[in-house]
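Small disclaimer: the values here were computed from a predicted structure and weren't measured.
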Amino acid sequence: MAQRTALVTGGSTGIGGAITDRLLADGMNVYVVQRTEDEVVAAEHQLRLASRLVHLRIGAHDLSDAKQCARAVEACVAEFGALDVLVNNAGVTGAAAVDALGKFTDERIDQVIDVNLKAPLRLVREALPQLTGRGGVVVNIGSIAGRQAQADAAAYVASKAGLDGLTRALAYDLARLGVRVVCVAPGDVETETSRAAEYLADRAVAWGKVTPLRRPIVPTDVAATVAWVVSGEAGAVTGSTIYVDGGLTAY
């Protein structure tokens with residue numbers, strides 16, 4: 001079987017970094033998308049590019065720009081000759097996505113919706129010719145915010161709820177082409193962004209629920225779920241949202 005190739009947006013740190021690591025460990029080529037050239041340089045250090053040069057590439061593409069979504073797919077195919085798995089992980093989150101509604105400018109609203117919701121739709125559109133006929137898989141990284149409201153995060157909640165709906169709609173439309181679409185929705189995952197002091201200060205009052213499993217959710221928990229979703233073992237799974245939240249949405 002030919003080696004499979006994945007495109008992972010925001011794939012250098014946090015949840016995205018864990019997904020990239022896991023897919024590489026599972027023998028896949030991975031094209032990582034970061035927003036700027038500076039982020040690419042940082043990602044090369046973070047992901048130890050030199051030791052993975054054959055199977056890993058990193059490109060700068062601002063996914064709030066429709067043309068850059070197309071170029072990201074083109075670059076991935078140019079590097080590896082194919083695209084089998086699309087992981088829509090990049091998103092505006094943490095402190096950047098939280099503020100009182102009166103302080104949330106049009107620019108910030110556009111940024112959240114453009115990156116969190118429009119970019120995944122555009123990327124699937126651009127990747128579809130590659131995914132079709134190859135047993136392609138799309139994984140949208142959502143959030144429990146798609147199901148449960150969060151304080152002072154209206155744009156973010158709307159974007160993640162939209163991603164849930166987008167997953168179902170695309171799964172229905174693309175099933176006839178042999179393409180599966182699944183949403184993996186983490187809860188409170190311990191990352192540098194989610195543990196930033198300014199974010200914790202804003203969110204502490206809003207966190208009243210306790211995770212039933214009573215253990216931290218870490219990026220590798222999400223990555224393991226993604227690895228299963230894109231494997232043949234999940235061949236009958238499409239249109240679903242899988243919560244990786246320690247049971248937080250169960251009550």
Examine distances only and state if a side-chain atom of [X] and a backbone atom of [Y] form a donor-acceptor pair shorter than 3.5 Å.
| X | Y | value |
| --- | --- | --- |
| Arg180 | Ala234 | yes |
| Asn89 | Ile141 | no |
| Asn116 | Val92 | yes |
| Arg108 | Ala96 | yes |
| Glu190 | Ile217 | no |
| Glu79 | Ala75 | no |

Provide the closest heavy-atom pair for [X] versus [Y] in the form atom of the first, atom of the second, distance.
| X | Y | answer |
| --- | --- | --- |
| Lys160 | Ala145 | CB-C, 4.3 Å |
| Leu117 | Ser159 | CD1-O, 4.0 Å |
| Tyr31 | Ala72 | CE2-O, 3.9 Å |
| Phe80 | Val30 | CE1-O, 3.7 Å |

If Ile, Leu, Val, Met, Phe, Trp and Tyr residues are connected whenever their side-chain heavy atoms lie under 4.5 Å apart, and connections chain through other members, are Leu248 and Leu213 in the same group?
-> no
Just grab all the side chain to side chain donor-acceptor pair (under 3.5 Å) pairs involving residues 132-141, residues at least two apart or on different chains.
-> Asp84-Arg134, Asn88-Asn140, Asn140-Thr167
Would you say [X] and [Y] make side-chain contact, with heavy atoms under 4.5 Å?
| X | Y | answer |
| --- | --- | --- |
| Thr9 | Leu63 | yes |
| Leu174 | Val181 | yes |
| Leu86 | Leu123 | yes |
| Gln111 | Glu107 | no |
| Glu44 | Ile58 | yes |

Would you call Arg22-Asp26 a salt bridge at under 4.0 Å N-O?
-> yes
Apply the test side-chain hydrogen bond (donor to acceptor under 3.5 Å, both in side chains) to residues Ser64 and Asp114: give CA-CA distance (whole Å), side-chain angles for both, the deciding distance (0.1 Å), then the verdict.
-> CA-CA 5 Å; Ser64 65; Asp114 285 348; 5.5 Å; no
Donor-acceptor pairs under 3.5 Å, side chain of residues 218-232 to any protein atom, not counting sequence neighbours: which ones?
unit_1, atom_1, unit_2, atom_2, d
Asp221, OD1, Arg215, NH2, 3.2
Asp221, OD2, Arg215, NH1, 3.1
Asp221, OD2, Val218, N, 2.9
Thr225, OG1, Asp221, O, 3.1
Ser231, OG, Trp228, O, 2.6
Ser231, OG, Glu233, N, 3.3

Applying the side-chain contact (heavy atoms from CB on, under 4.5 Å) test to Val157, which of Gln148, Gln150, Arg147 qualifies?
-> Gln150
